[in-house]
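Letters A, B, ... mirror the listed sequences (proteins, then strands); counts begin at 1.
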2 protein chains.
Amino acid sequence: MNNLDGISERTIERLALYRRLLSGLLEKGLEHIYSHQLAEFLGNTPAQVRRDIMSIGHVARSKKGYDIPELLTHIDSILSSGGDHRIALIGIGNLGRAILSYFNQQHSALRIVAAFDNDETRVNRVISGCRCYPMDELKEKVEGEEITLGIITVPGPSAQIVADALAAAGITGILNFAPVPLKTPEDVYVERIDITTAIEKVAFFAGKWRQKGT
Amino acid sequence: MNNLDGISERTIERLALYRRLLSGLLEKGLEHIYSHQLAEFLGNTPAQVRRDIMSIGHVARSKKGYDIPELLTHIDSILSSGGDHRIALIGIGNLGRAILSYFNQQHSALRIVAAFDNDETRVNRVISGCRCYPMDELKEKVEGEEITLGIITVPGPSAQIVADALAAAGITGILNFAPVPLKTPEDVYVERIDITTAIEKVAFFAGKWRQKGT
DNA sequence: ATTGTTTAGTGAAAGTTTTCACAGTGTTAA
DNA sequence: TTAACACTGTGAAAACTTTCACTAAACAAT
Ligand SMILES: NC(=O)c1ccc[n+]([C@@H]2O[C@H](COP(=O)([O-])OP(=O)(O)OC[C@H]3O[C@@H](n4cnc5c(N)ncnc54)[C@H](O)[C@@H]3O)[C@@H](O)[C@H]2O)c1
Ligand SMILES: NC(=O)c1ccc[n+]([C@@H]2O[C@H](COP(=O)([O-])OP(=O)(O)OC[C@H]3O[C@@H](n4cnc5c(N)ncnc54)[C@H](O)[C@@H]3O)[C@@H](O)[C@H]2O)c1
């Protein structure tokens, strides 16, 4: 399922963090960085940093730490090796609009190019530079605009229907914010972000820690 | 760090899902459920369901499946064993407002009772039933309202400052949406949700799958 | 009652991820 | 030129998580 080329799912997540961090450091004019510095920034261990970097086959030319532009280019090439993606967002509610406004300020390789909703008062306009369409144009636009990923921000009860529509339209990856697990064909990769669960988890562990020590 | 009472971090996340699911099933009048049915709903395996349930020390009275009200009560007692929590949200931007509107429609044990921002045009009003205050009232309100958790929805560059302020005010758990890792005292539990990273991950794996098979 | 079926509970195996610890090597300073 | 040092790359161990596979017990049907 995962683990392409010996790169684990967790490592991919951290590579995205390294990229963002390195990119910022580069802008500040930094040229080199040690694994322990990266670890310090990311809150993990130097050993993990080295193993992550090792797993993409990177070899530092010198022992003055990693060459930032080189490493950045390398990580970038791994992360973008899945190809370019154009994204559709379904569910132009509070969360959907927040994501639209955030996302289309930045990021060039990953762009939300179309948004959809079944509430007709929310469509046929432009939000944060993104065109909004009714649901019955989904398949047409996905195919026409060569959209490959979908972000689901509709209420739980509608999420499966939307996922089915996305899969039928030929999308291969979904980011699901609805608090329900989705059933999709095997060739659709699904990632879920469950904000409510995350808060419940914090509540549990924060409470436990308060009761005990560390 | 984690694994209180032999309950792993992953299990806690799934318990939150079981709770939500069972709660819905109970409302539909269902009384019993088999591990394989739970697994079907959650997209995992019956063995994992049984192990999760076992790990909280639950014992099914009969073999007709789990008694839903009983199991729900038990899971609830575990998840709420961290105590009640009142929550502060910092950063009344697009994402912050989406979370406010969503959260205060539901959930009684976990409530966002105050929101904060350093932009004075955004404070001293009520959004989705939640009072908004300027940052300099943070400590006072956290102490006065007995707030124990914080949700950070400010831009990356401000997140650490806000985290420091929350920790100083005595908060024990943080949910961080800003795309930067936070440094906090050991007795503050931090969970991060990184939407950008999640999309990059989907892009990577969806792309890879498209290139290969499964 | 008896028998066959089905399911929860669980030790042990398998799989995954993180951490340890050290060999090898570039770097620096004398 | 050499010696001391510091850091990377990595095999191996440890820690954690999931899955397998079997036992025992409840249940249903006869
Ligand atoms: N906002 C949050 O902070 C938050 C937190 C946790 C979970 N979520 C989840 O995220 C999702 C969106 O939350 P929200 O607050 O933006 O909700 P919202 O009600 O503001 O927006 C939902 C949007 O989806 C549209 N929609 C409904 N059914 C549809 C369908 N079948 N096809 C197309 N569009 C449809 C609605 O018209 C609406 O515009 C929900 O599943 C919610 O549970 C949100
Ligand atoms: N909106 C999204 O979909 C999205 C996606 C990925 C990440 N994020 C992250 O979530 C966070 C919030 O995103 P957003 O879209 O709501 O941003 P936003 O700009 O709409 O809102 C940020 C809010 O924080 C306030 N703020 C800034 N500095 C502050 C400080 N020091 N103290 C108190 N308040 C302060 C601002 O006044 C503003 O109201 C950001 O870190 C962003 O990177 C958001």
Side-chain angles (χ1 to χ4, degrees), chain A residues 1-18 22 30-68 70-72 74-75 78 181 197 201 205 214, chain B residues 1-18 22 30-72 74-75 78 181 192 197 201 205 214:
Chain A
M1 169 171 161
N2 34 34
N3 201 317
L4 288 318
D5 317 318
I7 307 177
S8 80
E9 202 163 348
R10 289 293 181 79
T11 294
I12 291 294
E13 290 173 14
R14 284 190 299 266
L15 286 175
L17 297 180
Y18 298 142
L22 290 170
L30 233 22
E31 305 248 306
H32 294 277
I33 191 162
Y34 297 120
S35 59
H36 68 260
Q37 295 176 298
L38 272 171
E40 169 74 13
F41 281 124
L42 263 100
N44 60 0
T45 65
Q48 187 169 65
V49 169
R50 294 202 302 275
R51 187 154 299 273
D52 285 338
I53 290 173
M54 184 190 110
S55 76
I56 63 170
H58 189 85
V59 183
R61 215 184 292 310
S62 87
K63 296 280 146 134
K64 293 181 65 180
Y66 298 97
D67 181 288
I68 292 180
E70 224 170 62
L71 180 56
L72 189 52
H74 197 160
I75 290 176
I78 298 290
T197 292
K201 186 179 166 191
F205 284 108
T214 298
Chain B
M1 165 170 163
N2 32 34
N3 202 317
L4 288 318
D5 315 319
I7 307 177
S8 80
E9 203 164 347
R10 288 294 180 79
T11 294
I12 291 294
E13 290 173 13
R14 283 189 300 265
L15 285 176
L17 298 180
Y18 298 142
L22 291 171
L30 233 22
E31 304 249 305
H32 293 277
I33 191 163
Y34 297 121
S35 59
H36 68 260
Q37 295 177 299
L38 271 171
E40 169 72 15
F41 280 124
L42 262 100
N44 60 359
T45 64
Q48 187 168 65
V49 169
R50 292 202 302 274
R51 187 154 300 273
D52 285 338
I53 290 173
M54 184 190 111
S55 77
I56 62 171
H58 189 84
V59 183
R61 216 182 291 308
S62 89
K63 296 279 147 140
K64 292 183 65 177
Y66 298 98
D67 182 287
I68 293 180
E70 223 169 61
L71 180 55
L72 189 52
H74 196 160
I75 291 177
I78 298 290
R192 182 161 32 116
T197 292
K201 187 179 166 191
F205 283 109
T214 296

Legend entry - Side-chain N or O of B:Y66 closer than 4.0 Å to phosphate OP1/OP2 of D:dA26: no
Inset, instruction - State whether A:S35 places a side-chain N or O below 4.0 Å from either non-bridging phosphate oxygen (OP1 or OP2) of D:dC7. - result: no
By side chain to side chain donor-acceptor pair (under 3.5 Å), which residues pair with [X], not counting sequence neighbours?
X	result
B:E70	B:R61
A:T11	A:S8, A:D52
B:E31	none
B:R51	none

Rounded to whole Å, how long is the line connecting atom [atom1] of [X] with atom [atom2] of [N]?
X	N	atom1	atom2	answer
A:N44	C:dT18	CG	C1'	10 Å
A:D52	C:dT17	CG	C1'	10 Å
A:H58	D:dC7	NE2	P	17 Å
A:L38	D:dT8	CG	C1'	13 Å
B:Q48	C:dT16	CD	C1'	13 Å
A:H36	D:dA6	NE2	C1'	9 Å
B:I53	C:dT10	CD1	P	12 Å
B:D67	D:dA26	CG	C1'	15 Å

Report, one pair per line, the protein and nucleotides 10-15 of chain D atoms (nitrogen or oxygen only) whose separation is under 3.5 Å.
| from | atom 1 | to | atom 2 | distance (Å) |
| --- | --- | --- | --- | --- |
| D:dG11 | N7 | A:R51 | NH2 | 3.1 |
| D:dG11 | O6 | A:R51 | NH2 | 2.5 |
| D:dA12 | N6 | A:R51 | NH2 | 3.4 |

Inset, instruction - With sequence neighbours excluded, tell me which residues meet salt bridge (charged side-chain N to carboxylate O under 4.0 Å, His left out) with A:E40. - result: none
Residues two or more places apart in sequence or in another chain: which of them pass side-chain contact (heavy atoms from CB on, under 4.5 Å) with [X]?
X	answer
B:T45	B:A47, B:Q48
B:P46	B:S35, B:H36, B:A39, B:R50
B:Q37	B:I33, B:Y34
B:A16	A:T197, A:E200, B:L79

What heavy-atom pair brings [X] and [Y] nearest, and what distance separates the two atoms?
X	Y	result
A:H32	A:K64	CB-O, 3.6 Å
A:I75	A:L15	CG2-O, 3.6 Å
A:L38	A:Y18	CD2-CD2, 4.5 Å

Legend entry - Shortest side-chain distance from A:E9, nucleotide among C:dT17, D:dT18, C:dG9: C:dT17
Legend entry - Nucleotide nearest A:T45 when distance is taken to its side chain, options D:dC7, C:dT19, C:dG9: C:dT19
Every protein N/O within reach of nucleotides 27-30 of chain C N/O, cut-off under 3.5 Å:
none

Inset, instruction - Check DNA chain C against residues 10-18 of chain B and give the residues with a non-hydrogen atom under 4.0 Å, in numerical order. - result: none
